[in-house]
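Please read the structure below before turning to the comments.
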Protein chains: 2
Amino acid sequence: MAEVGSALQHINNRPLRERVADMLREAIVTGELKPGQQLVEMELASQLGISRAPLREAFQTLSQEGLVETLPYRGTIVRKLTRTDIEELYSLRSALETFALQRVIRRGDPADAAKLRRCYEDMLAAAERGDLKAVNQIDREFHNTLIELSRHELLAMVCNMVSLRVRQVMALLNERNTDIRQIAYNHLPIVQAIENGNEALAVELLQRHIASSGDLIAEDWKSSEEEPDS
Amino acid sequence: MAEVGSALQHINNRPLRERVADMLREAIVTGELKPGQQLVEMELASQLGISRAPLREAFQTLSQEGLVETLPYRGTIVRKLTRTDIEELYSLRSALETFALQRVIRRGDPADAAKLRRCYEDMLAAAERGDLKAVNQIDREFHNTLIELSRHELLAMVCNMVSLRVRQVMALLNERNTDIRQIAYNHLPIVQAIENGNEALAVELLQRHIASSGDLIAEDWKSSEEEPDS
DNA sequence: CGGCGAACGATTGTCGACAGTTGACAAACG
DNA sequence: CGTTTGTCAACTGTCGACAATCGTTCGCCG
């Protein structure tokens with residue numbers, strides 16, 4: 001059999017719980033479902049035209065990913081994001097990507113650096129034409145590529161979890177007004193340091209890069225902290 | 001109302017899926033359930049006297065923790081551990097605990113160092129009386145304490161996942177014959193470096209400590225690599 | 001005798017219904 | 001009027017049954 005559509009076949013035959021989890025995950029990280037919002041099983045199930053069983057299993061997946069929170073007999077809500085959560089997300093992300101970066105540099109394959117440079121150039125092009133959405137997407141791609149190049153599946157799994165929630169955080173902030181070009185420019189010295197095999201410099205730059213965006217986000221977060229309850 | 005039994009109440013009322021997950025998790029990390037072993041839903045359910053629904057949800061939890069692997073329409077098996085898995089486990093563990101260590105040292109609370117020293121002394125005492133089981137348990141406690149002291153809940157969650165699988169790896173190796181006292185002694189310089197606030201040294205020692213045990217384990221793993229199928 | 005295809009058994013995926021728990025509101029008591 | 005207790009509705013937890021899928025085996029044909 002040809003390989004044609006082998007991926008698509010799997011998509012069609014994929015268990016309902018996974019497709020539902022994907023849909024809900026996307027809705028959460030894009031901010032369509034807001035933190036604190038209650039997800040009632042029966043309501044969502046009939047709305048999606050499915051039974052509660054696969055929906056509950058999808059909830060569990062999202063719960064393990066930290067996107068929702070389930071309290072016994074009390075229901076499931078989209079997890080609220082506190083300032084502490086955000087600080088933890090970005091600090092752990094920094095540690096994880098530092099680890100990935102070290103592995104990539106120590107392997108020292110020029111093809112890896114080339115791949116990252118290509119990412120950077122795509123990002124730059126998107127920035128030049130003012131496409132903020134594309135810049136953000138390619139920014140994610142850049143970091144994902146770094147993780148993949150580290151060839152560490154366990155790390156990739158953990159990073160995926162963290163990245164999802166970072167995406168959620170960014171989606172919840174109403175259209176950041178940061179200098180779009182600056183985002184792209186920030187990645188250049190990192191790419192160069194990797195190309196030169198300068199581990200110490202690359203690590204320093206990456207940590208500064210992540211920490212600065214993290215601080216920026218955390219600072220803006222005081223807006224949606226304490227909401228009055230009923 | 002008095003606080004009587006508030007903890008017990010929760011334990012008794014905990015959802016079945018969690019109690020089942022706990023039981024299966026324990027069975028897996030202690031090696032009672034062996035890698036590759038198939039877990040048939042109907043069989044286990046009737047054996048435990050429960051329905052398949054909560055069992056399936058327990059499977060999902062374990063799947064997210066990396067302890068089992070579920071293939072659609074093919075069933076759930078205890079995840080097999082390859083040498084690559086072990087290398088990834090220990091290298092990630094090293095990176096995560098390094099991160100925790102840095103946070104603890106940078107906070108610089110003497111009470112933290114004292115707590116770790118107490119762990120070390122307990123471990124030493126257990127080693128002196130030749131109690132290997134206790135030494136292993138306190139060793140886990142030492143590392144868990146380090147994580148908790150970093151006050152980083154997200155990190156704690158990820159570390160917990162990794163630690164579980166490390167426990168499984170250690171349980172699967174037939175009674176390591178390492179020098180029991182050496183395990184305890186290895187922790188002393190780390191504690192001292194923390195007490196002195198010497199971050200660079202502490203990190204170096206911790207990484208060497210984890211890497212060495214990881215290498216030791218990985219080396220012994222060639223025994224159970226390729227088993228013939230059927 | 002070997003290769004191919006269709007039925008079979010075993011197992012998982014999904015569903016609808018029932019049982020148990022929680023929080024809130026209302027009624028009774030001091 | 002404040003506190004306690006009874007009741008209820010909404011929701012989650014659990015169950016048993018039916019549908020879909022996979023690997024295998026058996027039979028058929030070349």
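Chain letters run A, B, ... following the sequence lines, proteins first and then strands; every chain starts at 1. A quick note: this is a predicted structure, and the numbers were derived from the prediction, not measured. Hydrogens, waters and symmetry mates play no part in the numbers below; they use all other heavy atoms, side chains included.
- For B:Gln64, the side chain to side chain contact (heavy atoms under 4.5 Å, CB included) partners at least two apart in sequence or on another chain are A:Thr61, A:Gln64.
- Rounded to a whole Å, the OH atom of B:Tyr73 is 6 Å from the C1' atom of D:dT21.
- Within the structure, no pair that satisfies the ring-ring contact (aromatic ring centres under 6.0 Å, His included) test touches residues 54-91 of chain B, not counting sequence neighbours.
- With sequence neighbours left out, A:Ala27 forms a side chain to side chain contact (heavy atoms under 4.5 Å, CB included) with A:Glu32, A:Leu33.
- Distance, B:Arg14 CZ to D:dT12 C1': 17 Å, rounded to whole Å.
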Let me have the donor-acceptor pairs involving side chains of residues 157-170 of chain A, under 3.5 Å, with sequence neighbours excluded, atom names and distances please.
unit_1: A:Ser163; atom_1: OG; unit_2: A:Cys159; atom_2: O; d: 2.9
unit_1: A:Arg167; atom_1: NH2; unit_2: A:Glu26; atom_2: OE2; d: 3.1

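- By the salt bridge (charged side-chain N to carboxylate O under 4.0 Å, His left out) test, B:Asp85 pairs with B:Arg79, sequence neighbours left out.
- Residues forming a salt bridge (charged side-chain N to carboxylate O under 4.0 Å, His left out) with A:Asp131 (at least two apart in sequence, or on another chain): A:Arg129.
- In terms of the side chain to side chain contact (heavy atoms under 4.5 Å, CB included) criterion, B:Ser46 has no residue partners (sequence neighbours excluded).
- In this structure, CD of B:Glu41 is placed 18 Å from P of D:dA20, rounded to the nearest angstrom.
- DNA chain D lies under 4.0 Å from at least one heavy atom of each of the following residues of residues 44-61 of chain B: B:Ile50, B:Ser51, B:Arg52, B:Ala53, B:Pro54.
- In terms of the salt bridge (charged side-chain N to carboxylate O under 4.0 Å, His left out) criterion, residue partners of A:Glu41 (sequence neighbours excluded) are, by chain and number, A:Arg52, A:Arg56.
- For DNA chain D, the residues of residues 63-72 of chain A within the heavy-atom distance limit of 4.0 Å (strictly under) are A:Pro72, sorted by number.
- Rounded to whole Å, atom P of D:dT12 lies 11 Å from atom CZ of B:Arg17.
- Considering only residues two or more places apart in sequence or on other chains, B:Arg107 meets the side chain to side chain contact (heavy atoms under 4.5 Å, CB included) condition with B:Asp112, B:Arg151.
- Here chain A contacts DNA chain C (any atom closer than 4.0 Å to a heavy atom, that is under 4.0 Å), and the contacts span C:dG13 to C:dG23 from 5' to 3'.
- Ring planes of A:His143 and A:His209: parallel class, angle under 30° (limits at 30 and 60°).
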